[in-house]
Amino acid sequence: MIALLLRDLKLAFRAGGGFGLGLAFFLIVTVLVPFSVGPQAALLSTIAPGILWLGALLACLLSLDRLLALDWEDGSLDLLATAPLPLEAVVTIKALAHWLTTGLPLVLAAPVLGVLLNLPAPGFLWLVLSLLVGTPAMSVIGTFGAALTVGLKRGGLLLSLLVLPLYIPTLIFGAEVARRGATGIETQTPLLMLAGITAATIALLPFASAAVLRINLR
Amino acid sequence: MTLVVTDLAIARGGVPVLEGLSFRLEPGQALILRGPNGIGKTTLLRTLAGLQPPLAGGIDGAEDQIAYASHSDGLKPTLTVVENLSFWASVFGTHDIQPALDAFALTDLSDRYAGNLSAGQKRRLGLARMLVTDRPIWMLDEPTVSLDNTAVQMFADAVRAHLGQGGSALIATHIDLGLDAEVLDVGANKPKPSPIDGFDGGFL
């Protein structure tokens, strides 16, 4: 399992691995929003938590279609399925590698980009915390979507359509934590809901992903 | 470990391709799988490897015993030869990849990126993966595609050594590997067209 994680991380950092794709998209979105909205500091600081969360979500979505498709194309997914590793472990590791190369950089970049959107000072902690709790769910749900569409050529559109509705609860509660944090209201309820969603997806979805992968590999 | 296949029926894309297939694969034995294109050789190997369920019939002794090599080698172009092979070695819980590198003359290429290898060299690397799996039953689908004569000999030697250690192999191939192997021709196992029943027949 460690070998698979290390391989995926190595592949992500090497040429054409796609590390930085999500990060660059996140950067572009948050840099462009002030230009399109205009220089109104008050308005920007109101919409900052929502824009940052939406940007992180779309950045995550952008990198999903290569999550399993590359392994499927070169045949390693077939070989992994016949290896001693259970497919549940394979998809969990794939999701973890995706989070480490896409989700975690987004979490770390968010406070820097928050400055560009005039995020109120108390909001930074809650923004980082909510992204840290919410992004693993996005990786796990995304792996499920990637497993559903793995045999399809150019399945990116279908993948987005399948995954976006599943992202909505995470987006609602994640952005709510960041928004409440920024305006100084208590954040416990949405944070617990967000953590609950993440915990439930991590506990259940790998089994679903492995099951659909088995069917798609036939 | 003996692989016993009894009265197996398999389908590809919902269409039955082989039926009534029975054979045994004993330790130390190699079987050459033959049959015309499209008869279902690849589907049979995928079914035995556990990638798809059979329509009917039984497969005994295959669970966690099979190392499967498909048409594609499963190599990552941005990893080196050694990195590719070590990855599969750790997935299968083995560590020593040197014998596999030696058997397919890959030592000189060990630091090259797999993306820079020729088609034949890639195939050799793909076949070297079989040696690091440490599994007794090899399932090989057209293993000699794009190999030159020397490399085919390397492959035949590797299979012979594997059989000598009590392993077995099922190889779908159209060329003569010079192995002391029986031939399993599945051409006769093509499903008969199912008879038209009275309901459908009424419309014809």
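Order of the sequence lines sets the chain letters (A, B, ...), proteins ahead of strands, with each chain counted from 1. Keep in mind that the numbers below use all heavy atoms, side chains included, and drop hydrogens, waters and symmetry copies.
A 6.0 Å sphere centred on OH of B:Tyr113 holds no more than 12 heavy atoms belonging to other residues, nucleotides or ligands. Residue A:Phe207 places its CZ atom among 12 or fewer non-hydrogen atoms of other residues, nucleotides or ligands, all under 6.0 Å distant. Other residues, nucleotides and ligands contribute more than 12 heavy atoms inside 6.0 Å of the CZ atom of A:Arg214. Atom NZ of B:Lys190 has 12 or fewer neighbouring heavy atoms from other residues, nucleotides or ligands inside a 6.0 Å radius. Heavy-atom contacts from other residues, nucleotides or ligands closer than 6.0 Å to CG of B:Asn116 number more than 12.
Looking at every heavy atom in both residues, B:Leu51 comes nearest to A:Ala81 through CD2-CB, 3.6 Å. Closest approach of B:Gly74 and A:Leu79 over heavy atoms only: CA-CD1, 4.0 Å. Between B:Ser72 and A:Gly75 the shortest heavy-atom distance is OG-CA, 3.5 Å.
The residue among B:Glu83, B:His71, B:Arg12 with the most heavy atom pairs within less than 4.5 Å of chain A is B:Glu83. Note: B:Leu79 leads B:Val91, B:Asp73, B:Leu79 in heavy-atom pairs under 4.5 Å with chain A. In terms of non-hydrogen atom pairs under 4.5 Å with chain B, the most contact-rich of A:Ile2, A:Leu6, A:Asp71 is A:Asp71.
Looking at B:Asn84, neither its backbone nor its side chain comes within 4.5 Å of chain A, counting heavy atoms on both sides. Only the side chain of B:Arg135 comes within contact range of chain A, with heavy atoms under 4.5 Å apart. The part of B:Ile66 that comes within reach of chain A is its backbone (N, CA, C, O), which places non-hydrogen atoms under 4.5 angstrom from that chain. The contact between A:Leu80 and chain B is made by backbone and side chain atoms together, counting heavy-atom distances below 4.5 Å.
Residue A:Leu11 holds its CG atom at 4.5 Å from OG1 of B:Thr78, rounded to the nearest 0.5 Å. For the atom pair CE of B:Met139 and OG1 of A:Thr82, the computed distance is 11.0 Å after rounding to the nearest 0.5 Å. Here the OG1 atom belonging to B:Thr43 is positioned 13.5 Å from the CZ atom belonging to A:Arg218, to the nearest 0.5 angstrom.
Of the possible polar contacts, one joining the B:Arg46 side chain to the A:Leu217 backbone as a donor-acceptor pair under 3.5 Å is found.
Screening A:Arg7, A:Lys10, A:Arg14 for a side chain to side chain contact (heavy atoms under 4.5 Å, CB included) involving B:Lys76 leaves a single residue, A:Arg7.
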